[in-house]
Amino acid sequence: QVQLVESGGGLVQAGGSLRLSCAASGSIFRINTMGWYRQAPGKQRELVAVISSSGTTNYADSVKGRFTISRDNAKNTVYLQMNSLKSEDTGVFYCNANLWQHAWKVGDYWGQGTQVTVSS
């Protein structure tokens with residue numbers, strides 16, 4: 001059993017900042033990539049940022065220069081620092097981890113989501 005628990009969402013004014021955290025726990029052998037996805041009302045879930053086990057990052061064009069993804073491998077935790085927030089950043093943010101539960105089982109796991117609302 002693997003669990004991803006997110007925290008840090010909330011309501012913020014445009015131009016403000018929030019920091020999301022996601023901790024993975026349970027039967028984990030090794031974590032490959034960790035990332036954040038966003039689902040805005042009425043839209044499909046989209047990639048926001050992803051980070052590899054070695055620290056290589058990739059961002060959606062819409063958040064480059066404003067968001068920073070990082071991870072603490074010792075704590076199996078990924079973070080998303082969001083600055084200069086805009087109203088279009090509003091949505092439910094989901095944490096994702098691609099990980100090995102055992103040496104023979106790998107898969108994608110998701111958190112329950114955390115709401116981020118940016119007021120203009």
**Prompt:** Which is it for N98 and T33 under the side chain to side chain donor-acceptor pair (under 3.5 Å) test, yes or no, and what are the steps along the way?
**Reply:** CA-CA 5 Å; N98 179 269; T33 60; 4.9 Å; no
Do [X] and [Y] touch side chain to side chain, with heavy atoms closer than 4.5 Å?
{"X": "W36", "Y": "V78", "value": "yes"}
{"X": "I31", "Y": "N76", "value": "yes"}
{"X": "L80", "Y": "V48", "value": "yes"}
{"X": "R38", "Y": "V63", "value": "yes"}
{"X": "C95", "Y": "L4", "value": "yes"}
{"X": "V106", "Y": "N32", "value": "yes"}
{"X": "L20", "Y": "M82", "value": "yes"}
{"X": "E6", "Y": "Y94", "value": "yes"}

Side-chain donor-acceptor pair under 3.5 Å between [X] and [Y], yes or no?
{"X": "Q101", "Y": "Y109", "result": "yes"}
{"X": "T90", "Y": "E88", "result": "no"}
{"X": "T77", "Y": "D72", "result": "no"}

**Item:** Q81 side chain to F67 backbone, donor-acceptor under 3.5 Å
**Value:**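 Such a contact is absent between Q81 side chain and F67 backbone.
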**Request:** Please answer: with hydrophobic residues joined when any side-chain heavy atoms are less than 4.5 Å apart, are W110 and V92 in the same cluster?
**Result:**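 Yes, one cluster joins them.
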**Message:** Could you see if I69 belongs to whatever hydrophobic cluster contains M34? Use Ile, Leu, Val, Met, Phe, Trp, Tyr and a side-chain cutoff under 4.5 Å.
**Reply:**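 Yes, it is one cluster - the side chains of I69 and M34 are joined through contacts under 4.5 Å.
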**Message:** I'd like to know if K86 and D89 make a salt bridge, using a cut-off of under 4.0 Å between side-chain N and carboxylate O.
**Reply:**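 No salt bridge links K86 with D89.
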**Closest non-hydrogen atom pair between S120 and A14, with its separation** =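 Scanning both residues completely, I find the closest heavy atoms to be CA-CB, 4.2 Å.
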**Request:** Could you tell me which non-hydrogen atom of S70 sits nearest to which non-hydrogen atom of I51, and how far apart they are?
**Result:**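 Answer, listing the atom of S70 first, then I51: CA-CD1, 3.9 Å.
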If you measure from [atom1] on [X] to [atom2] on [Y], what distance do you get to the nearest 0.5 Å?
{"X": "Q13", "Y": "T117", "atom1": "CD", "atom2": "OG1", "result": "13.0 Å"}
{"X": "S119", "Y": "L85", "atom1": "OG", "atom2": "CG", "result": "10.0 Å"}
{"X": "K105", "Y": "W100", "atom1": "NZ", "atom2": "CH2", "result": "12.0 Å"}

**Item:** Within 45° cone of Y79 ring axis and under 6.0 Å: R71 NZ or CZ
**Value:**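 Ring-cation test returns no.
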**Message:** Is it true that, when you exclude Q3 itself, more than 12 heavy atoms of the residues, nucleotides or ligands shown sit nearer than 6.0 Å to its CD?
**Reply:**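 No - once you tally the heavy atoms of other residues, nucleotides and ligands closer than 6.0 Å, there are 12 at most.
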**Prompt:** Please walk me through it: do H102 and S27 pass side-chain contact (heavy atoms from CB on, under 4.5 Å)?
**Reply:** CA-CA 8 Å; H102 313 285; S27 178; 3.7 Å; yes
**Request:** Apply side-chain contact (heavy atoms from CB on, under 4.5 Å) to the pair L47 and Y59, showing each step before the final yes or no.
**Result:** CA-CA 8 Å; L47 173 70; Y59 296 91; over 6 Å; no
